[in-house]
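Since the structure comes first, as structure tokens, the remarks are kept for the end.
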Amino acid sequence: MNIQALLSEKVSQALTAAGAPAGSEAQVRQSAKAQFGDYQANGVMAVAKKLGIPPRQLAEKVVQLLALEGIAEKTEIAGPGFINIFLDKQWVAIQVENALTAPKLGLAPVEPQTIVIDYSAPNVAKEMHVGHLRSTIIGDAAARTLEFLGHNVIRANHVGDWGTQFGMLIAYLEKMQNENANEMDLSDLEAFYREAKKHYDEDAEFAERARGYVVKLQGGDEYCGQMWRKLVDITMAQNQINYERLNVTLTKDDVMGESLYNGMLPGIVADLKEKGLAVESEGATVVFLDEYKNKEGEPMGVIIQKKDGGYLYTTTDIACAKYRYETLNADRVLYYIDSRQHQHLMQAWTIVRKAGYVPDSVSLEHHMFGMMLGKDGKPFKTRAGGTIKLSELLDEAYDRALKLIAEKNPQMESDELTALAKVVSIGAIKYADLSKSRTTDYVFDWDNMLAFEGNTAPYMQYAYTRVASIFKRAGIQETELTQPVALHDEREYALATRLLQFEETITLVAREGTPHVMCAYLYDLAGLFSGFYEHCPILNAENDDVRQSRLKLALLTAKTLKQGLDTLGIETVEKM
């Protein structure tokens, strides 16, 4: 039940009936304080200004025309023309019942869209490092959220699997295979890449062979293609281990590397020339954009083909957007790429729109994110200043979680301990990131992220376990709860209302790509449950009707916490 959407519709109808122009914004929001009701409609002032009448006069008319019988207990006008809406407790109780029995916690079905989500994007022959973490986990939370709502989600892992460096990598792979007749182990991709680069820089004969292999690979040579495929497969097999450890839903079937668009590039350059968008400039092919100016105030030139015939990232990104619309039939495309790439993407999409490759009805969205910083406020690196491998970060998180849990539960069996440490450590890393606004940089802090207090994964996972344990102690099944929900205490009512705001929360997360909004909601929900649990006895309630009603509130809380954490890719456990 999306209460905000329901009230918005009712207030909009009343505004129109009161003489407002059709389509006037109701601006219904959740109230910040209980004395202002549950929701507040703020749209009257803007409409009254347009109509040239006092806002309060219009507000009085709207309140008279508001059809909220059975939904709101009362409405009142505050200040210059805000309309405060107090929900009816009986109506809220019925909605809680519906949410418990309906699929997907009572969420309204959506008009399904095909949504392509571009995220993670590691490079071939390099190990994933902490710089890939934000794209991977924020993008995956978006994919899970949109899929849960009922959209057709296509995950696109835009792997860096093409370019001039592949000549060098193929030449070095060949050298290694010749020297070690048996199948080589490429477990340390970083070392492999470093050695290949060293040979390229120091051995002229090797460098010449490498340059030749680039040309052959790009020309479709079978041998170079096989060697290239081997490099891609080894890299992605290692990345898949990281994805599975991280509880991320990407698989090898989601790889859509740069190479995928290679065959499209000559045609795009030719087409942009034919349309008069691209011109020759100093031997290169360039698109000049009036929307972007250089330091001299002249239109900025975006190169799409170098004078040596090579293509650029921009050309690939133009092809990529075109492919996602024409071949994947996308209605919406979301890119989880860091904020430093913003201008590059905007330029590519400006060319895409001008060329007519993707219509305006298809949304291209850069859901950018900030950097992961150390406590010193600088990019998060090893003490020696090197980049931290993602696998090493996950190892350290596991070790720290294991130690912490073992201290708290000295009697716990080792199997249970290791399973719990896995869930808690991965949850902690993901939640620490997802709970911060993605548009800002965030400071990585082990102590905070593994704390069992505050807005952290261990606290949220424990909150779920605590609610779920009530049913074990009660020895009661969900099907045995036959009495209706009744809201008498203010804490019962506050919890019930917040539970019903799950749909508003997830709708906002889906629209804006802001998982921190879900984290804030779940943390707030856990706090409200805590207050309810302390002041409203559940198992020792005064009679069975109250006991069952409160058990139903606890049940919906457990289901909502579990589902909310699942959309973030964070697992829950039944015992902690």
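Numbering of residues begins at 1 and proceeds along the displayed sequence.
Minimum interatomic distance between Met368 and Ser339 (heavy atoms only, all atoms of both residues): SD-CB, 3.6 Å. Heavy-atom minimum distance, Tyr521 versus Leu499: OH-O, 3.3 Å. Contact between Asp317 and His158 at its shortest, heavy atoms only, is OD1-NE2, 4.2 Å. Of all non-hydrogen atoms in Thr136 and Met128, the two that sit nearest each other are OG1-CE, 3.9 Å. Taking both residues in full, the closest heavy atoms of Leu404 and Leu450 are given as CD2-O, 3.3 Å, listed atom of the first, atom of the second, then distance. Minimum interatomic distance between Val116 and Ala156 (heavy atoms only, all atoms of both residues): CG1-CB, 4.0 Å.
Classification of the His366-Trp349 ring pair by plane angle, with boundaries at 30° and 60°, yields perpendicular. Classification of the Phe444-Tyr442 ring pair by plane angle, with boundaries at 30° and 60°, yields tilted.
Between the side chain of His129 and the main chain of Gly131, a donor-acceptor pair closer than 3.5 Å is present. Using a distance-only test at 3.5 Å, with no hydrogens or angles considered, no donor-acceptor pair links the side chain of Thr505 to the main chain of Met518. The main-chain N or O of Ser437 is found under 3.5 Å from a side-chain atom of Thr440 such that the two form a donor-acceptor pair. Remark: the backbone N or O of His516 is not paired with any side-chain donor or acceptor of Thr514 at under 3.5 angstrom. The closest donor-acceptor contact from the side chain of Asn123 to the backbone of Lys126 lies at 3.5 Å or more, if one exists at all. Checked by atom type and distance alone, the side chain of Gln461 pairs as donor or acceptor with a backbone atom of Glu571 at under 3.5 Å. Remark: side-chain polar atoms of Ser135 are not paired, donor with acceptor, to backbone N or O of His132 under 3.5 angstrom. The backbone N or O of Leu250 sits less than 3.5 Å from a side-chain atom of Gln240, completing a donor-acceptor pair.
By the 4.5 Å heavy-atom criterion applied to side chains, Ile115 and Ile154 are not counted as neighbours. At least one side-chain heavy atom of Leu7 sits under 4.5 Å from a side-chain heavy atom of Leu68. The closest side-chain heavy-atom distance from Leu420 to Met412 is below 4.5 Å. Counting only heavy atoms from C-beta outward, the side chains of Ile470 and Leu555 never approach each other to under 4.5 Å. Two residues are said to be in side-chain contact when any heavy atoms from C-beta on lie closer than 4.5 Å; Phe148 and Leu107 meet this criterion. Under the 4.5 Å side-chain criterion, counting only non-hydrogen atoms from C-beta, Tyr431 is not in contact with Pro458. Considering only heavy atoms from C-beta on, Gln4 stays 4.5 Å or farther from Glu9 through its side chain. Side-chain atoms of Pro484 and Glu97, non-hydrogen and from C-beta on, do get closer than 4.5 Å to each other.
No more than 12 heavy atoms of other residues, nucleotides or ligands sit less than 6.0 Å from atom CD of Glu111. Counted within 6.0 Å of CD on Glu413, heavy atoms from surrounding residues, nucleotides or ligands total 12 or fewer; the atom is thus considered open. Environment of NZ in Lys378: sparse, with no more than 12 heavy atoms of neighbouring residues, nucleotides or ligands closer than 6.0 Å.
The pair Asp88-Lys74 fails the salt-bridge criterion, with no side-chain N (NZ, NE, NH1 or NH2) lying under 4.0 Å from an Asp/Glu carboxylate O. Ionic pairing of Arg155 and Glu147 is present here: one or more N-O contacts between side-chain nitrogen and carboxylate oxygen are shorter than 4.0 angstrom. Salt-bridge formation is detected for the pair Glu416/Lys575: a Lys NZ or Arg NE/NH1/NH2 atom is positioned less than 4.0 Å from an Asp or Glu carboxylate oxygen. Salt bridge absent: Glu492 and Lys552 never bring a charged side-chain N and a carboxylate O closer than 4.0 Å. Residues Asp140 and Arg144 are paired through a salt bridge, judged by an N-O separation under 4.0 Å between the basic side chain and the carboxylate. Electrostatic pairing of Asp338 and Arg340 counts as a salt bridge here, judged by a charged N lying under 4.0 Å from a carboxylate O. With respect to Lys89 and Glu490, a salt bridge is recorded, a charged nitrogen being found less than 4.0 Å from a carboxylate O.
Between Tyr459 and Tyr462, the ring centre distance reaches or exceeds 6.0 Å.
Between the side chains of Asn242 and Gln238, not a single donor N or O lies within less than 3.5 Å of an accepting N or O. Side chains of Gln30 and Glu504: a donor on one and an acceptor on the other come within 3.5 Å. In the model, Asp38 has a side-chain atom that pairs as donor or acceptor with a side-chain atom of Tyr493 under 3.5 Å. Asp489 and His535 form no side-chain donor-acceptor contact under 3.5 Å, judged by distance and modelled atom types alone. Judged by distance alone, the side chains of Glu574 and Tyr464 do bring a donor and an acceptor atom under 3.5 Å apart. In summary, the side chains of Asn157 and Tyr243 do present a donor paired with an acceptor at a separation below 3.5 Å, with no hydrogens or angles considered. In the model, Thr114 has a side-chain atom that pairs as donor or acceptor with a side-chain atom of Asn152 under 3.5 Å. Thr479 and Gln477 share no side-chain donor-acceptor pair at under 3.5 Å. The closest side-chain donor-acceptor pair between Tyr39 and Asn84, if any, does not fall under 3.5 angstrom.
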Next item on the list: Could you walk me through whether Gln548 and Thr482 pass the side-chain contact (heavy atoms from CB on, under 4.5 Å) test, one step at a time?
Entry: CA-CA 8 Å; Gln548 288 208 29; Thr482 53; 3.8 Å; yes
Notebook entry, point to check: Could you walk me through whether Ile77 and Phe82 pass the side-chain contact (heavy atoms from CB on, under 4.5 Å) check?
Noted result: CA-CA 6 Å; Ile77 300 164; Phe82 299 110; over 6 Å; no
Check: Under the salt bridge (Lys or Arg N to Asp or Glu O under 4.0 Å) criterion, do Asp441 and Arg134 qualify, and how do the steps go?
Finding: CA-CA 10 Å; Asp441 295 340; Arg134 297 206 81 184; 5.6 Å; no
Next item on the list: Check the pair Arg438 / Asp433 against salt bridge (Lys or Arg N to Asp or Glu O under 4.0 Å), numbers first and verdict last.
Entry: CA-CA 8 Å; Arg438 66 171 163 75; Asp433 190 324; over 6 Å; no
Notebook entry, point to check: Run the side-chain contact (heavy atoms from CB on, under 4.5 Å) check on Ile85 and Gln40 step by step: do they pass?
Noted result: CA-CA 6 Å; Ile85 301 168; Gln40 197 170 57; over 6 Å; no
Note to self: What verdict does the side-chain contact (heavy atoms from CB on, under 4.5 Å) test give for His367 and Ile138, after you've listed the backbone C-alpha separation in whole Å, the side-chain angles of each residue and the deciding distance to 0.1 Å?
What the structure shows: CA-CA 9 Å; His367 288 187; Ile138 301 171; over 6 Å; no
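The CG atom of Asp445 sits 11.5 Å away from atom OG1 of Thr456, with the distance rounded to the nearest 0.5 Å. Here the straight-line distance linking atom CG of Leu15 with atom CD1 of Ile83 works out to 7.0 Å at 0.5 Å rounding. Distance check, rounded to the nearest 0.5 Å: NZ of Lys422 to OH of Tyr398 gives 6.5 Å. Note: Thr557 OG1 to Leu495 CG = 4.0 Å, rounded to the nearest 0.5 Å. The CG atom of Asp566 sits 8.5 Å away from atom CG of Leu568, with the distance rounded to the nearest 0.5 Å. Atom CD of Glu503 sits about 10.5 Å away from atom CG of Leu6, to the nearest 0.5 Å.
None of Leu133, Ile429, Asp395 except one satisfies the side chain to side chain contact (heavy atoms under 4.5 Å, CB included) rule with Leu390; the exception is Leu133.
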